[in-house]
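Source: prediction; values computed, not measured. Values reported hereafter were calculated over all heavy atoms of this structure, with side chains retained and with hydrogens, waters and symmetry mates removed. Convention: sequence-line order gives letters A, B, ...; per-chain numbering from 1.
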Amino acid sequence: MKRIGKFSPYLLIAPSFFLSVFVIGYPIFDVVRMSLFKVNRFGKLQKFNGFGNFTKAFSDDVFLQTIGQTAIWTVSVVGGTVLLSIPIAMILNEDFYGRSVARTIILLPWAVSLAMTAVVWTWVVNGDFGTLNMTLNSLGLMDGNYVWLANADAAFTIVILIGILVSIPFTVTIFLGGLTSIPDTLYEAAMTDGASGWKRFRYITMPLLKPFTQIAVVLNVIYVFNSFPLIWIMTNGGPANQTDILITYVYKQAFRFGKLDKAAAGSVVMFAMLVIFTILYFYITRDKHPAAKKAKDADDAVLEDLNVSKA
Amino acid sequence: MSSINVMDVAKFYGSQQVLFDVNVSIEHGEFVVLVGPSGCGKSTLLRMIAGLESVSGGEILLGDELINDVSPQKRDVAMVFQTYALYPHMTVEENILFALKMRNQSPQRCEVALKEVSEILGLGDLLDRYPKQLSGGQRQRVAMGRAIVRNPQAFLFDEPLSNLDAKLRSHMRTEIRGLHQRLGTTSVYVTHDQVEAMTMADRIVVMNGGRIEQIGTPIELYDNPANKFVAGFLGSPTMNFVDGELRVDGNDAIFVSHQEKKFQVGAHANMGDLDKRRATIGIRPQSITLTPVDSQDDELVGHVRVVEQTGSETISVVDFLDSEIIVQSPRRQLLHPDQAVRVEFDMAAAHMFDAQNGLRLN
Amino acid sequence: MSPKLKRSLICWGLLSPIVVVILFPYLTMLSTALTAKSEIFVFEKSWFPKVPTLENFAMVWTERGFGRALANSLYISIGATLLSVIVAVPAAYAMSRLHFKGRNAYRIYLLITQMISPIVLIIGLFRLFAFLGMVNSMNALIAAQSAFFMAFAIWMTASYFDTVPKELEEAAWLDGAGKFTAFMRVFLPLCLPGIAVTALFTFINSWNEYALALTLLRDNASHTVPVAIAFLTGTLYEIEWNLIMAATFMATIPVAIIFASIQRYLIRGLSLGGVK
């Protein structure tokens, strides 16, 4: 009885652990292994190839171009998202009529499948019949129709803007959490100290939001870097691979061209980048106050302390 | 109901020891209060008796049965939690009867028990309500009802009144005490409030730093504290302490403070050993009298710093012997800050402690 | 004008550009879905169809295999929700209630599973299920999605478990209930709303998931809704936007309504996942 009690936490986490090892752990192992072997197009490992797959990938101009585009994609989407989300969150944190409606609208893109968003926007920016051209024409901002997705720069700009749009809900939610964690009394104290609106933002809101900003940046980098459906559906990386990012490049290599070794090497490069971002995330969210943590542990241990602090 | 025997009990959290060789024997039908500052181990000890914490060393007996390894649901003890721990999704009636249902009691038996309990505690009108529809005092009563209905071997109370406001707290104190007189069930009651301990307990166990400092009736502990800790912990306002040295000459003993002020000490046997001993005298605020004086020459003169009038009595803080002395006089005394007063200790009521280990000397 | 009214006008004014951009595609979707095919491909377009029609909805349902995709999506989303919740509830209980060696390590492990997107491992995943002969198996997709949604489900449920005071369980034990009875009679009823919210989010995640569904279910007959709709836009022939928008409308609006009604709970899952 006592022995079972000792093992029971492990029994309880076991199902989740084995499911994730099976579905996530094994593929990691498989992809890393595949990246070091020559692989035929049916996926059979042939012979050990060292870093041959990587050199092959890095000597592919399209791969290198894709890395550059991935950087542009990630930096612009994350940057745009964070810059827009802070003011939006601050507005939504105000008390005004229709606030909950506004919140729901802002969060709406989160509820909709990225694939569906991509499909609808593809139709909206359709050159001949899309509502974007129609609206811009009727507002007199444009004359004639423009085939947005046919031009690489325009297409990339559009997917980046939509990328920002769909990242805003998550980011605004983080910042709203941050803003509600700032007690009103701080602002009241600052007001009595004579701080103007801008100064309250500069000296109270900004510093206290800093940890939330860091987390929003790192998590968004991870999500955006990994984002597949928007580009895949809207441009498929085209025209001429000019809107490809790593993830669509790897997918094409694997499932369109059957170049599994190159795809595996690309996956490992991406995986390595994700590891770096993840470490960065842990570095940012680490416990900055070991003393506070120690005090918390002591609290856990000595239950009386807990009882008193609750009372 | 049963006696509870706690023998040489120790508790470790990892390598940290929070209870050391705790020995308490609680007679059956007794109401024992465990009291001490936060972190002293009193709640841990109670939870060990309940079976919610494992016992790292020693033995706990309920009646004659060793219960160290008996799971909480098999121990026949009931607990009243600080937060009441009423099941929010059950009505008052369901809360009270939950324990009986768990023990597969018949519906008839449940009905009888419910009626009895709701009469004792006056819960008749509340039975269909949910806990969130109750006031603090009502929740407290339901928690008691849940404990009573089982007619357990013992009641365990974990700071049950600390979430109530002051007025309700003193009312519930009386009610719990009255209930104990009526039911006579062995009770262990944990609190950090010395007033609760003094007013409710048959016997008090004073704990500090995981050890028992003293066990005794409230009056014993108040009149004869075994050490400086107990003396300082019980009684309100807290006891005043003055450091100094004992000088014994034959049958004549005096206490000399660091400021070379002398106080006559009542002599008793073996005082000879205490010559030149560094000591602390403890004197309760009620055992000091203040007399306004004009002259500053008197060697027992102090200066009033703060005066608090409660209406019926006067509590003054006086700068005396380089420390703050608290004085409570049972009448209105018209003093004002900076006033010079003569401070007189009633040395017959003074307690004397060893300056090193805090143990009682007289 | 009251200060609040003034503030409201300013707030809505500032938000209006983003609100317009967000709603623009949905209005497009609605207008196209209600427009007959004959009216779509004319160059004199307008926002409102001259004769609103529901024929697109009827047609997509019966003729373009959307009904089957919907059934597939339902099967997969329900399966993934059940599996995620079933593995998440015990794990969440352990994470929220029990102190054990490796608890923090497991917390970090779960966080890492959230950092890795399925798409990075897509080749490995495909090979894994190909090896098991499970490509085109909806159950394979259920397992794969659950593994990636599990961590969120665990955090979210654990955040609800944390709100149930430990004393309630202790009181139940002292009342004579065994660990399992206490869990079922006292703990679980209090957590059901939280588990339900978690299940709904998992359902929505699964419903909306694209990359895994695209890769693991390669057979037309087993396509999920997002894959089937995206597939319709990739045909070489004339793209039937009126039908696609009708399908998209049916695929998104119910889910968006569920999401909108439970979004306020989302912050809890985030806060426990380390976003604090």
Kindly determine whether Gln73(B) and Asp175(C) satisfy side chain to side chain contact (heavy atoms under 4.5 Å, CB included), including the steps that lead there.
-> CA-CA 6 Å; Gln73(B) 71 259 34; Asp175(C) 276 347; over 6 Å; no
Under a 4.5 Å heavy-atom cut-off, does chain B meet the side chain of Ala182(C), its backbone, both or neither?
-> neither
Part of Leu86(B) lying under 4.5 Å from any heavy atom of chain C | backbone
Which residue out of [options] racks up the most heavy-atom pairs below 4.5 Å with chain C?
{"options": "Arg146(B), Met79(B), Arg103(B)", "answer": "Arg103(B)"}
{"options": "Ala85(B), Ala50(B), Ala147(B)", "answer": "Ala85(B)"}
{"options": "Ala143(B), Pro88(B), Ala78(B)", "answer": "Pro88(B)"}

Short side-chain to backbone donor-acceptor contact, Tyr87(B) and Glu169(C), under 3.5 Å = no
Over 12 foreign heavy atoms within 6.0 Å of [atom1], [X]:
{"X": "Arg177(B)", "atom1": "CZ", "result": "yes"}
{"X": "Asp165(B)", "atom1": "CG", "result": "yes"}
{"X": "Lys6(C)", "atom1": "NZ", "result": "no"}
{"X": "Gln133(B)", "atom1": "CD", "result": "yes"}

Interatomic distance, Glu170(C) atom CD to Arg47(B) atom CZ [nearest 0.5 angstrom] | 4.0 Å
dist Leu168(C):CG -> His89(B):NE2 (nearest 0.5 Å) comes out at 8.5 Å
Apply side chain to side chain contact (heavy atoms under 4.5 Å, CB included) to Leu52(B) and Leu174(C), showing your working.
-> CA-CA 9 Å; Leu52(B) 298 172; Leu174(C) 285 166; 4.2 Å; yes
Given the rule in the side chain to side chain contact (heavy atoms under 4.5 Å, CB included) test, do Met102(B) and Arg185(C) qualify, once you have shown the distances and angles that lead to the verdict?
-> CA-CA 10 Å; Met102(B) 288 297 111; Arg185(C) 301 267 311 249; 3.4 Å; yes
